[in-house]
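Each remark here refers to the structure printed beneath this line.
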Amino acid sequence: MLDIRLLRESPELVKQRIATRDAALAPLVDQILAIDSARRAAETERQQLQSDRNRLSKEIGIGRKNGEDTSAKETEVRGIGTRIDEIGQEADAADTQQRDLLLALPNLPHDACPIGSTAEENPEVRRWGTAPAYDFEPKDHIALGQTHGMLDFEAGAKITGSAFVVYRGPGARLERALINFLLDLHTTQHGYTEISPPLLVKPECLVGTTQLPKFGDQVYHCPEDDLYLIPTAEVPVTNLHREEILKNEQLPIHYAAYTPCFRREAGSAGLGTRGLIRMHQFDKVELVHITTPETSMDALETLTGHAEKVLQLLGLHYRVIELCTGDIGFGSAKTYDIEVWAPGQKAYLEVSSCSTFGDYQARRMNLRFKDADGKNRFAHTLNGSGTALARLFVALVETHQQADGTILIPEALRRHYGADRIG
RNA sequence: GGAGAGAUGGCUGAGUGGUCGAAAGCACAUCUUUGCUAAAGAUGCGUAGGAGUAAUCCUACCGAGGGUUCGAAUCCCUCUCUCUCCGCCA
């Protein structure tokens, strides 16, 4: 969330910046400031009353020791106590209200984030490689999956529901090979520490990484235990250090985690899409950085590069786009999306979204570090997919399919897959 | 799931109703002195919030939330977590 002091000191700046996401958000700022001043007035009064009570109570204690009659003072303090309860309720209510509103206010886009209102205005930053040409009509991954017995959508629907898939045989093996390839790449070449977290988390973790309270309908919930299935490893991994004060020398932290991801995709337009493009459950290797404020923008470039390396090694054509202010995620200050070319789809598929959140998530989860001067400051958090698996699978089999129907396994992946082709 | 023990500041650990935000030790920071692979001494050293131009002052926090009381780290209730033992189990 945003720093209330920033709203107090520079309300116009905050309104301007937040309006680059959505003009309708600006009035929220004034609403929060009104509650903030009411809250502080009530808080000040409460503290004054508490101070009075403390003083009188001490006098009563001393008086009783000296055998004085303290009943008049006791009556007075009783009255103060009632007043404290009343004003305290006001103060607490305003505090809760203020917090709720702050949690509903998205992050300010970074100055470096291009201004725009829709995805059409996202500038393309760079391309790597070119879309491959074929002297035959390339099949899509659904057909390839059928040919090689790799993907069983009917079985997924049967045992769970639509938008769930069963990988089998070479498909399951390829998925596993990709997971190992990604983790090995990031841990041995890019210096990440591998994490294998729980897949169920407490609600406060989702508040920390901004899925709650606003986007609760997108995550699977187990009400009996009040636990949520993670929509991304970002949630458990970033929250590893919630409510902590890290030592300066611990930063930067680099974590890589493979997990399945569970998303309800409520109201999602693309859910009807055939194939692996949008599933309720998919695998992903996630990269998380925790940095100092001074280094987070550089870290975003590094992180994006690490995700790009995956596609380069697998020989997949891709482009990097930069999300504009109207299209970045709720907590993001700046985001790059990496889109891989899928010949069977004749489309670019988003396989990675790399964002810096500035201190926005850190404030929500109270994640701080002690700087060189011994001051506690909020850390900066970043994350990016490195990469999402289902769509990587799609791009891989569609790109490397051969005229004879076999699928060539890229050189870099052969060690993990254990063969040089499927079929 | 059952039984028991526990949860206090960065760590260890006192504190069973009043002047306790909390002794002491360790760690850490600065300074002083003696000197040399260190020692001794002095001072400082939690977090959050509020008032004030500021110096500074005030409030809250002893796992969390309620309650009793003029007053709670301390008494009562509920919950969470940790440890030990038993049961069950991949």
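Given the structure is predicted, the values throughout are model-derived calculations rather than measurements. Side chains are part of it too, since the values below use all heavy atoms of this structure and drop only hydrogens, waters and symmetry mates. Every chain is numbered from 1, with letters handed out A, B, ... down the list of sequences.
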If I take atom CD in residue A:Glu68 and atom C1' in nucleotide B:rG18, what distance separates them, rounded to the nearest angstrom? 15 Å
Considering only the C1' atoms, how many Å lie between B:rU69 and B:rU12, rounded to the nearest integer? 34 Å
Identified side chain to side chain donor-acceptor pair (under 3.5 Å) counterpart of A:Tyr220 within the set A:His280, A:Arg263, A:Arg264: A:His280
Scoring nucleotides 58-77 of chain B by protein non-hydrogen atoms under 4.0 Å (B base, S sugar-phosphate only, - none) yields BBS---------BS------
Whole-Å P distance, B:rA64 and B:rA27: 29 Å
Which is more 5' along RNA chain B, the nucleotide nearest A:Ile4 or the one nearest A:Asn376? Just name the residue. A:Asn376
Whole angstrom value for the distance that separates C1' of B:rU80 from CG of A:Asp225: 14 Å
Expressed in angstrom and rounded to an integer, what is the separation of A:Asn248 atom CG from B:rA29 atom C1'? 16 Å
Applying the 3.5 Å cut-off to both distances, the Watson-Crick or G-U partner of B:rA14 turns out to be none
Quick one: label A:Ile62 by what it contacts on the DNA or RNA (base, sugar-phosphate, nothing), any heavy atom closer than 4.0 Å. base
Given B:rA48, is OP1 or OP2 found less than 4.0 Å from the side-chain N or O atoms of A:Arg368? yes
Please state the P separation for the pair B:rA7 and B:rA14 - nearest whole angstrom. 9 Å
List the steps, then state whether side chain to side chain contact (heavy atoms under 4.5 Å, CB included) holds for A:Ile245 with A:Phe369. CA-CA 5 Å; A:Ile245 301 173; A:Phe369 73 102; 5.7 Å; no
Any donor and acceptor pair, going by atom type alone, linking the side chain of A:His141 with main-chain N or O of A:Leu276 inside 3.5 Å? yes
Summary of protein contacts for nucleotides 51-56 of chain B, nucleotide by nucleotide, where a base hit scores B, a sugar-phosphate-only hit scores S (4.0 Å, heavy atoms): S-----
Do A:Lys15 and A:Asp30 sit within salt-bridge range, that is, some charged N less than 4.0 Å from a carboxylate O? yes
Could you check whether A:Tyr360 and A:His380, counting side-chain N and O atoms only, form a donor-acceptor pair closer than 3.5 Å? no
Between B:rG18 and B:rG66, how far is it from one C1' atom to the other, in whole Å? 23 Å
Is the closest basic N to carboxylate O distance between A:Arg377 and A:Glu294 below 4.0 Å? yes
Rounded to whole Å, the CD-C1' distance (A:Glu243 to B:rG10) equals 17 Å
Does B:rC31 have a Watson-Crick or wobble mate here (both distances under 3.5 Å), and if so which one? B:rG41
Let me know the distance between NZ of A:Lys370 and P of B:rC45, rounded to the nearest Å. 13 Å
Considering residues at least two apart in sequence or located in another chain, which fulfil the side chain to side chain donor-acceptor pair (under 3.5 Å) criterion with A:His306? A:Tyr192
In terms of side-chain heavy atoms, does A:Thr381 have a donor or acceptor partner in A:Gln361 at a distance below 3.5 Å? yes
If we call it a pair only when both distances are under 3.5 Å in a Watson-Crick or G-U wobble match, what pairs with B:rC36? none
When you check the side-chain N and O atoms of A:His289 and A:Asn383, is any donor under 3.5 Å from an acceptor? no
Please name the nucleotide paired to B:rA55 by Watson-Crick or G-U wobble geometry with both distances under 3.5 Å, or report none. none
Identity of whatever pairs with B:rU69 - Watson-Crick or G-U, under 3.5 angstrom: none
Atom SG in A:Cys113, atom NZ in A:Lys334: separation rounded to 0.5 Å? 6.5 Å
So which nucleotide does B:rU80 pair with, by the Watson-Crick or G-U wobble rule with both distances under 3.5 Å? B:rA7
Taking CG from A:Asp3 and P from B:rA48, how many angstroms apart are they, rounded to a whole number? 12 Å
Any strand: nucleotide that pairs with B:rU47 via Watson-Crick or wobble, under 3.5 Å: B:rA60
In whole angstrom, give me the gap between the C1' atoms of B:rA24 and B:rC45. 16 Å
Rounding to an integer number of Å, can you tell me how far A:Ile84 CD1 sits from B:rG50 P? 19 Å
Give the rounded distance in Å between these two atoms: CZ of A:Arg363 and C1' of B:rU47. 15 Å
Across all strands, who's sitting opposite B:rG21 as a Watson-Crick or G-U wobble pair, both distances under 3.5 Å? none
As a test of understanding, state which of A:His186, A:Glu234, A:Glu286, A:His241 forms a side chain to side chain donor-acceptor pair (under 3.5 Å) with A:Tyr255. A:His241
Rounded to whole angstrom, note down the P distance from B:rC70 over to B:rU16. 23 Å
Decide yes or no, distance alone: a donor-acceptor N/O pair under 3.5 angstrom between the base of B:rU80 and the side-chain of A:Lys202. no
If I pick the P atom on B:rU82 and the same atom on B:rC28, what distance separates them, to the nearest angstrom? 31 Å
Rounded to whole angstrom, note down the P distance from B:rU30 over to B:rC81. 42 Å
